[in-house]
Amino acid sequence: MEKRPGRLLLLSDLSVRNTAYEVSLSRSLLTWKKRLPSPVYHPFKPSMCRSVTVSEIICVREEEEENSSRDEGSWRKIREGHGRDCRQAFTVSYVERGRNHRWRCAEVTFVCPDAVLCQRWVQCIREQLAALGCRPKHLLVYINPVGGKKRGKRIYEQKVAPLFARAGITTHVIVTEYANHARDHLRTDAELKQFDGVVCVGGDGMFSEIIHGLIWRTQMDSAVNPNSPEEALQACPLRIGIIPAGSTDCICFATVGANDPVTSALHIIVGDSQPMDVCSVHHNNTLLRYSVSLLGYGFFGDVLSDSERKRWMGPARYDFSGLKMFLTHHYYEGAVAYLPAKGIMGTPRDKTRCRTGCVVCEHNGKVFTEKGEKYKSAESFDAEGEEEWQSVRGKFLAINAASMSCACPRTPKGLSPAAHLADGTTDLIVVRKCSRFNFLRHLIRHTSKDDQFDLGFVEVHRVNRFRFLPRQCQSDSDLNLRDAHKRQIFGPLCRDHPACSCGPHYSSWNCDGEVLKHAAIDVRVHCQLIKLFARGIEETTVFEEVTNPCAI
Ligand SMILES: CCCCCCCCCCCCC/C=C/[C@@H](O)[C@H](COP(=O)(O)O)NC(=O)CCCCCCCCCCCCCCC
Ligand SMILES: Nc1ncnc2c1ncn2[C@@H]1O[C@H](COP(=O)(O)OP(=O)(O)O)[C@@H](O)[C@H]1O
Ligand SMILES: [Ca+2]
């Protein structure tokens, strides 16, 4: 990828590790090119020229001590002709890309011929950083001390807090004392106006707490009724950063490309922004929960319920319960009605992947923000959407809705590899009853290149809305699912069976790692309701990852 410098703000001969460099700064790029002792031209020698985009500079500082650079080792300050207080060197900290989408904080120290020039450089770089405008200055941090391997607090203190301090970010840190502490604090107590974002140190469950608090608060502030699936929700203004310290950490992995606290901290510091879809899950016109990753009934619901009793096992509980539920091989009966997404780019089985600057999300995002208005009234939704509802009924091993790929270390390509973070849709995956052997084939394909949907008993649809009704709750009047909305089939029936637990083989929904207490649900996708301090997974080119030569 060619990096164009634009008009130069500064151009000086400075030295790095006792070697002369031509250093330039434009509004977009900081570049340092080695001055060659001989005029021999080495166009492909990578160490000769490096550049970093200004938006990925973390900070700049003047060096204060005589042998100030810790990392540079050999260089010494050149102080001839200057008093002891003269600062002649400055260090730039910047983002360096490593393998597997990991970011590191790298440093380079430039020694200047005089203190005035040094100060000009520092001031000019600081001005460029201040002009960026998207960087957070003050953050509200919630730490779950008991998530994952119980390392949340240590991870934050050792790996994240020092980086925030270096970048000049101030924080208000709350270590949670009980489940839903963060959610309730965000709902009512937190003075949100003073913060530029919220940071979640924990797993998907902790992230879920944060979005529940923030979405609720935003709807209350805008007088939107969160219980009705027909209401268009108000987008949350604050961005959320995730420092992974949980068990699955799929939301972090699918939005950043890695589960690494330093990488996440750097995405927060540079002020990245990634919009994300949120599903609201309702029962009888009452909001149950929000979901951003997996809504799973059957297999994944059972794995979660079973694993909750084994929290003491840590992240391994999912593998244990996964194996157990695979062997149990329960199937469930019910009906799914869904509204296929119309006018969109992309299908759940295409080869496109949601990556940084995704055009599918941009296109579909526009489609659904314009359409969003129409969802406001139930009548208009009826009139336009009714005949579009489709249905599937029968016996299922699993019904999953993936609003994003759900990529995580267990399945690096994800539950639905072609799903998009911010396209206003969710991929509804229906796995019909099949043999253990076939189900295993389906599961194993999540970990290989083979298509997990290319099996006769699996179907997948990209949808805006769906409803599920377990068999125990159905009656003859429900058979025509095309009329589902008008007749409100879920309402009266499920009032008779509050927990819908009226049969032997009923499952529960896994909603981003939380068990839902109702099986009959009505789900609506809200396009780009929240924003994360992330940029989606970057396409990496070997060229960029390994050498970073500047192409100027
Ligand atoms: C045989 C290998 C099969 C691999 C199949 C992998 C599918 C994994 C899909 C993972 C989707 C993850 C979606 C995210 C869910 C999270 O919100 C949520 C909460 O996370 P938190 O605890 O960090 O707060 N996590 C979960 O619900 C965990 C789901 C994990 C399921 C693991 C299932 C393992 C299945 C193993 C089957 C073994 C069969 C072996 C037969 C010889
Ligand atoms: N201080 C706390 N004590 C007990 N539970 C908590 C606390 N803070 C948060 N929780 C809850 O812990 C659960 C798991 O959190 P999470 O960070 O997602 O870890 P994991 O990925 O291991 O499930 C969440 O449901 C969250 O509500
Ligand atoms: Ca989506």
Side-chain angles (χ1 to χ4, degrees), residues 53-59 93-95 97 101-105 129 132-144 152 155-156 159-174 182 186 190 192 194-204 206-211 213-215 217-218 235-246 249-278 292-293 354-358 361 404 407 421-422 528-538:
T53 50
V54 168
S55 62
E56 291 178 6
I57 291 178
I58 296 156
C59 64
S93 305
Y94 60 95
V95 169
R97 284 169 175 73
H101 307 282
R102 283 170 176 248
W103 284 11
R104 281 283 162 268
C105 176
L129 296 183
L132 290 173
C134 57
R135 296 192 168 197
K137 293 183 185 66
H138 192 44
L139 294 169
L140 177 56
V141 181
Y142 293 100
I143 303 176
N144 177 358
I155 286 172
Y156 180 76
K159 299 192 168 177
V160 180
L163 282 172
F164 283 173
R166 210 193 286 185
I169 294 175
T170 53
T171 52
H172 178 71
V173 179
I174 295 175
L186 277 166
L192 296 182
Q194 56 175 307
F195 297 105
D196 304 310
V198 178
V199 174
C200 161
V201 185
D204 295 338
M206 188 61 186
F207 177 78
S208 177
E209 275 200 32
I210 304 287
I211 62 162
L214 271 182
I215 297 174
R217 178 79 170 261
T218 311
C236 298
L238 285 182
R239 279 171 289 173
I240 310 166
I242 309 174
I243 305 295
D249 294 324
C250 110
I251 301 157
C252 181
F253 196 90
T255 52
V256 170
N259 281 345
D260 174 51
V262 170
T263 306
S264 286
L266 295 174
H267 279 283
I268 296 170
I269 290 169
V270 302
D272 274 346
S273 188
Q274 169 67 51
M276 220 161 76
D277 299 333
V278 176
V292 291
S293 57
C354 188
R355 294 291 180 262
T356 305
C358 177
C361 289
M404 57 159 82
L421 288 167
Q528 307 189 359
L529 191 67
I530 56 171
K531 279 199 207 86
L532 260 54
F533 284 111
R535 57 173 69 170
I537 298 174
E538 290 183 302

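These values consider heavy atoms only, across backbone and side chains, with no hydrogens, waters or symmetry-generated copies.
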query: Does any N or O in the side chain of Asp249 come within less than 3.5 Å of the main-chain N or O of Cys252, such that one atom is a donor and the other an acceptor?
result: no
query: Checking Ser208 side chain against Asp204 main chain: does a donor-acceptor pair fall under 3.5 Å?
result: no
From CA spacing to verdict: side chain to side chain contact (heavy atoms under 4.5 Å, CB included), Met276, Ile251: CA-CA 10 Å; Met276 220 161 76; Ile251 301 157; 4.0 Å; yes
statement: Closest heavy-atom pair, Ala182 versus Met206, reported as atoms and distance to 0.1 Å, is CB-CE, 3.7 Å
- prompt: Are any side-chain N or O atoms of Thr170 and backbone N or O atoms of Lys137, one a donor and one an acceptor, separated by less than 3.5 Å?
  reply: yes
field: Phe533 side, atom CZ; Cys200 side, atom SG - distance, nearest 0.5 Å
entry: 12.5 Å
message: Go through it in stages, so that I can follow the logic: the residues are Val160 and Val201, the test is side chain to side chain contact (heavy atoms under 4.5 Å, CB included), and I'd like the CA-CA distance, side-chain angles, deciding distance and then a yes or no.
response: CA-CA 10 Å; Val160 180; Val201 185; over 6 Å; no
- prompt: If we only count heavy atoms from C-beta on, is the Leu163 to Cys105 side-chain gap below 4.5 Å?
  reply: yes
task: Determine whether Pro237 and Thr218 make a side-chain contact, defined as any pair of heavy atoms from C-beta on separated by less than 4.5 Å.
output: yes
message: Are the side chains of Cys354 and Cys361 in contact, using a 4.5 Å heavy-atom criterion?
response: yes
- line: Rounded to the nearest 0.5 Å, the OH atom of Tyr142 sits from the NE2 atom of His172 at a distance of 7.5 Å
- prompt: From Met404 CE over to Cys250 SG, what is the distance, rounded to the nearest 0.5 angstrom?
  reply: 5.5 Å
message: Which heavy atom of Val54 sits nearest to which heavy atom of Leu129, and what is that distance?
response: O-CD2, 3.5 Å
task: Indicate the atoms forming the closest heavy-atom contact of Ile530 with Phe207, along with that distance.
output: CD1-CZ, 3.9 Å
query: Is there side-chain contact between Ile269 and Phe164, with heavy atoms separated by less than 4.5 Å?
result: yes
message: Could you check whether any side-chain N or O of Gln274 sits under 3.5 Å from a backbone N or O of Gly536, counting only pairs where one atom can act as donor and the other as acceptor?
response: yes
query: Quick one: are Leu186 and Leu192 in side-chain contact, heavy atoms under 4.5 Å?
result: yes
- line: Minimal heavy-atom distance between Asp277 and Val292, with the atoms involved, is O-CG1, 3.6 Å
Heavy-atom closest pair, residues Ala190 and Arg217: O-NH2, 2.7 Å
message: Rounded at 0.5 Å granularity, tell me how far CD1 in Ile210 sits from CG in Leu140.
response: 7.5 Å
message: Which residues pass the ring-ring contact (aromatic ring centres under 6.0 Å, His included) test with Phe195, not counting sequence neighbours?
response: His138
message: Under the side chain to side chain donor-acceptor pair (under 3.5 Å) test against Glu538, which residue among Arg97, His101, Arg355 passes?
response: Arg97
- prompt: Would Arg102 and Leu266 satisfy side chain to side chain contact (heavy atoms under 4.5 Å, CB included), going step by step from the backbone distance to the final call?
  reply: CA-CA 10 Å; Arg102 283 170 176 248; Leu266 295 174; over 6 Å; no
Nearest heavy atoms of Phe253 and Asn259, plus distance in Å: N-OD1, 3.2 Å
task: Supply the atom-to-atom distance His267 NE2 to Asp260 CG, rounded to the nearest 0.5 angstrom.
output: 9.5 Å
field: Sidechain-backbone polar pair: Thr171 side chain, Leu139 backbone, donor-acceptor under 3.5 Å
entry: no
- request: Would you check if Ile243 and Ile268 make a side-chain contact, meaning some heavy-atom pair closer than 4.5 Å?
  value: yes
- prompt: With distance as the sole test, does Gln528 use its side chain to make a donor-acceptor pair with the main-chain N or O of Ala422 at under 3.5 Å?
  reply: yes
- request: Identify, with sequence neighbours excluded, every residue that meets salt bridge (charged side-chain N to carboxylate O under 4.0 Å, His left out) alongside Asp272.
  value: Arg535
- prompt: When you measure from the side chain of Arg135 to the backbone N and O of Ala167, does any donor-acceptor pair fall under 3.5 Å?
  reply: no
- prompt: Can you find a pair of side-chain heavy atoms, one from Arg239 and one from Ser273, that are under 4.5 Å apart?
  reply: yes
message: Measuring from atom CG of Leu421 to atom OG1 of Thr255, what distance do you get when rounded to the nearest 0.5 angstrom?
response: 6.5 Å
